[in-house]
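Notes for the one structure printed next.
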Amino acid sequence: MLDLRLIRQDSELIREMLRKRGEEAPLDELLELDNQRRKLISEVEQLKAKRNAVSDQVAQMKRNKQDASALIEEMKVVSQTIKDYDEQLRVIDEQLLDRQLRIPNIPHESVHVGTSADDNKEIRRWGEPRQFGHDPLPHWELGVNLDILDFDRAAKVTGARFYFLKGLGASLERALINFMLDVHTSEHGYQEVFPPFIVNKHSATGTGQLPKFGEDMFKLENLDYYLIPTAEVPVTNLYRDEILDGDRLPLYHVAYSACFRSEAGAYGRDTRGVIRVHQFNKVELVKFVMPETSYDELDKLVANAETILQKLGLPYRVTQMCTADLGFTAAKKLDLEVWMPSYGQYVEISSCSNFEAFQARRANIRFRREPGAKPEYVHTLNGSGVAIGRCLAAVIENYQQSDGSIEIPEVLRPYMRGLDKIS
RNA sequence: GGAAGGGUGCUUGAGAGGCCGAAAAGGACCGCCUGCUAAGCGGUUGAGGGUGAUUACAGCCCUCCGAGGGUUCAAAUCCCUCCCCUUCCGCCA
């Protein structure tokens, strides 16, 4: 959510920034509602001031055993008017908030203008894609051959875009989760949290999934509860409606969670393997920081995610999203893309964003620089550190051997009883 | 799922239609005092919004006692609905 004050003061600037992302936001409508709202407020508040003053008079007269019935009669009318105005105000507030919640974040000045994902920029690469002495197989063939992945039975048990991991495949998944959590907690200073995988609509609104993107989530029947699409939602909402002490910032959390996505509109894309599924695991990094530090914090966050891929020896590149590919909530976003032999290209495995105060304003997360200071909105950031399912696929494909077995990356071996391969 | 009791400021906790943004205590902060610390004394200590002012201080006003409705001239206080917490029972990992 953007600062209404800023929109009021400099609507042209906001309009221009939104245009860069390819959005036409209904700012005129918003400003008109804002105007109406303020006009109504000053009218109704005058009446309320009067009501309060007269109520005091009535109280005093009653104490003095005087007759206050004339005043009471007069106030009946005033009270009814207040009620009517309050109702009008409630409707306007609701409309205004709804409009505000549907306007995306504005890009940071360092974000280049583009019209689609094709305009995203590669920033750097790490590692060299391996030259195979054989035709590399995709993970869905390797995994099925080794009987560590089972898509057919998952389709029976649930449906399309689900899979079972079995035996050492399940171990490998678990090893990746533990490895990443350990690195981020012991080397990068993140505090681990284990969040609920179901959130209410306030939380989903706070991080920006609602009201516009409800279709992307699984909703529980007859409840205002949603399966989380990412741990970002519960972890960012940890401090919703709170004022944090400034000396607690920056606050770093790392969370493992399952993620659930309806993938509405993704029919026909990435239909094979574990790349695009309805349920996957992810280790997520979330930060709450002071505004002036948030872009440094973003760089550090990206570096923390890169460390994981480096330790796993997986080639990757870092790309910066252009204005058109920021998503709804981000002011700046960098992706990590891992080399996926079956695709013959780099595939997104982490997405790191600075939301600035966009989420903090929605979720009302503030801090005080020092005791007694005015509360200010924090800046929130998050990034995958990294997506487990895609990482498992990348390990399987990049570490495959000509005999169809898979070498286990060295850093994972302590997590897999010292085994060095899956065969 | 059944029964009972609760949700008040940073915390504990009083208030049971008008004098209550809210007693009291604790905490924190600022003074004074004091070799230092502690104690003592005095003071300060919530958020949001409107207006003002024109970019940041004041003043004035409104709202907020879990959330939302209702009754009333007037609600923390009475009524209704919902949410959350605690305890007991049932069921269960």
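All chains are named by letter (A, B, ...) in the order of the sequence lines, taking the proteins before the strands, and each is independently numbered beginning at 1.
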Return the nucleotide paired to [N]: Watson-Crick means purine N1 to pyrimidine N3 with N6-O4 or O6-N4, wobble means G-U with N1-O2 and O6-N3, both under 3.5 Å.
N     : result
B/G18 : B/C73
B/U11 : B/A25
B/U54 : none
B/G46 : B/C64
B/U34 : none
B/G1  : B/C89

Please check if any side-chain donor atom of [X] sits under 3.5 Å from a side-chain acceptor atom of [Y], or the reverse.
X        : Y        : value
A/Tyr377 : A/Glu356 : no
A/Tyr239 : A/His253 : yes
A/Ser342 : A/Glu397 : yes
A/Gln88  : A/Gln36  : no
A/Asn200 : A/Asp224 : no

Between [N] and [M], how far is it from one [atom1] atom to the other, in whole Å?
N     : M     : atom1 : result
B/G40 : B/U34 : C1'   : 10 Å
B/A28 : B/C65 : C1'   : 22 Å
B/A16 : B/C79 : C1'   : 15 Å
B/U72 : B/A56 : P     : 49 Å
B/C64 : B/A4  : P     : 31 Å
B/C73 : B/U54 : P     : 44 Å
B/U86 : B/G15 : P     : 24 Å
B/C89 : B/U11 : P     : 32 Å

- Task: Using a heavy-atom cut-off of under 4.0 Å over every strand shown, decide if A/Gln9 touches base, sugar-phosphate, or nothing.
- Result: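 A/Gln9: base contact, heavy atoms under 4.0 Å.
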- Message: Students often get this wrong, so: under 4.0 angstrom with heavy atoms, is A/Arg361 touching a base, only sugar-phosphate, or nothing?
- Response: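 Nothing, no nucleic acid heavy atom in range.
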- NZ of A/Lys201: more than 12 outside heavy atoms within 6.0 angstrom?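 Not buried by this count: 12 neighbours or fewer within 6.0 Å.
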- Should we say atom CZ of A/Arg174 is surrounded by more than 12 heavy atoms from elsewhere, each under 6.0 Å from it?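 For A/Arg174, atom CZ is not crowded (no more than 12 foreign heavy atoms under 6.0 Å).
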- Note on the structure: Closest to the 5' end of RNA chain B, once A/Arg63 and A/Lys50 are matched to their nearest nucleotides, is A/Arg63
- Task: Tell me which of A/Ala59 and A/Arg5 sits closer to the 5' end of RNA chain B, going by the nucleotide each one is nearest to.
- Result: A/Ala59
- Item | From CA spacing to verdict: side-chain hydrogen bond (donor to acceptor under 3.5 Å, both in side chains), A/Tyr256, A/Glu192 | CA-CA 8 Å; A/Tyr256 153 76; A/Glu192 185 173 351; over 6 Å; no
- Message: Would you say the ring centers of A/Phe218 and A/His278 fall short of 6.0 Å from each other?
- Response: yes
- Query: Is A/Asp93 salt-bridged to A/Arg37, cutoff N-O under 4.0 Å?
  - Reply: yes
- Message: Check this for me: does the side-chain of A/Gln60 come within 3.5 Å of the base of B/G18 through a donor and an acceptor?
- Response: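 Side chain to base: no pair present.
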- Item | Evaluation steps, side-chain hydrogen bond (donor to acceptor under 3.5 Å, both in side chains), between A/Asp84 and A/Gln80 | CA-CA 6 Å; A/Asp84 294 344; A/Gln80 188 52 50; 3.2 Å; yes
Protein-nucleotide distance ([X], atom [atom1]; [N], atom [atom2]), rounded to Å:
X        : N     : atom1 : atom2 : result
A/Glu242 : B/G46 : CD    : C1'   : 15 Å
A/Arg8   : B/G50 : CZ    : C1'   : 10 Å
A/Leu89  : B/G49 : CG    : P     : 14 Å
A/Leu40  : B/C62 : CG    : C1'   : 14 Å
A/Asp86  : B/G50 : CG    : C1'   : 14 Å
A/Glu87  : B/G68 : CD    : P     : 14 Å
A/His202 : B/C82 : NE2   : P     : 16 Å
A/Asp56  : B/C61 : CG    : C1'   : 14 Å

- Message: If you compare every side-chain N and O of A/Asn52 against the phosphate oxygens of B/C61 (OP1, OP2), does one of them come in below 4.0 Å?
- Response: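 No, outside the criterion.
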Can you check nucleotides 7-11 of chain B for protein contacts, nitrogen or oxygen pairs under 3.5 Å, and list what you find?
none

So which protein N/O to nucleotides 70-75 of chain B N/O distances come out below 3.5 Å?
| residue | atom | partner | partner atom | Å |
| --- | --- | --- | --- | --- |
| B/U71 | OP2 | A/Lys83 | NZ | 3.1 |
| B/C73 | OP1 | A/Lys76 | NZ | 3.3 |
| B/C73 | O4' | A/Ile72 | O | 3.3 |
| B/C73 | O3' | A/Ser79 | OG | 2.9 |
| B/A74 | OP1 | A/Ser79 | OG | 2.8 |
| B/A74 | O4' | A/Ser55 | OG | 3.4 |

- Message: Parallel, tilted or perpendicular, judged at 30° and 60°: which one describes the rings of A/His188 and A/His184?
- Response: tilted
Please tabulate the protein-to-nucleotide N/O contacts below 3.5 Å involving nucleotides 65-67 of chain B, giving atom names and distances.
none

- Nearest to side-chain heavy atoms of A/Lys374, which nucleotide of B/G18, B/G48, B/C62: B/G48
- Kindly determine whether A/Thr319 and A/Asp335 satisfy side-chain hydrogen bond (donor to acceptor under 3.5 Å, both in side chains), including the steps that lead there. CA-CA 5 Å; A/Thr319 56; A/Asp335 278 1; 4.8 Å; no
- Query: Do A/Arg153 and A/Phe164 meet the cation-pi criteria used here (NZ or CZ under 6.0 Å from the six-membered ring centre, within 45° of the axis)?
  - Reply: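 Not satisfied by the 6.0 Å and 45° rule.
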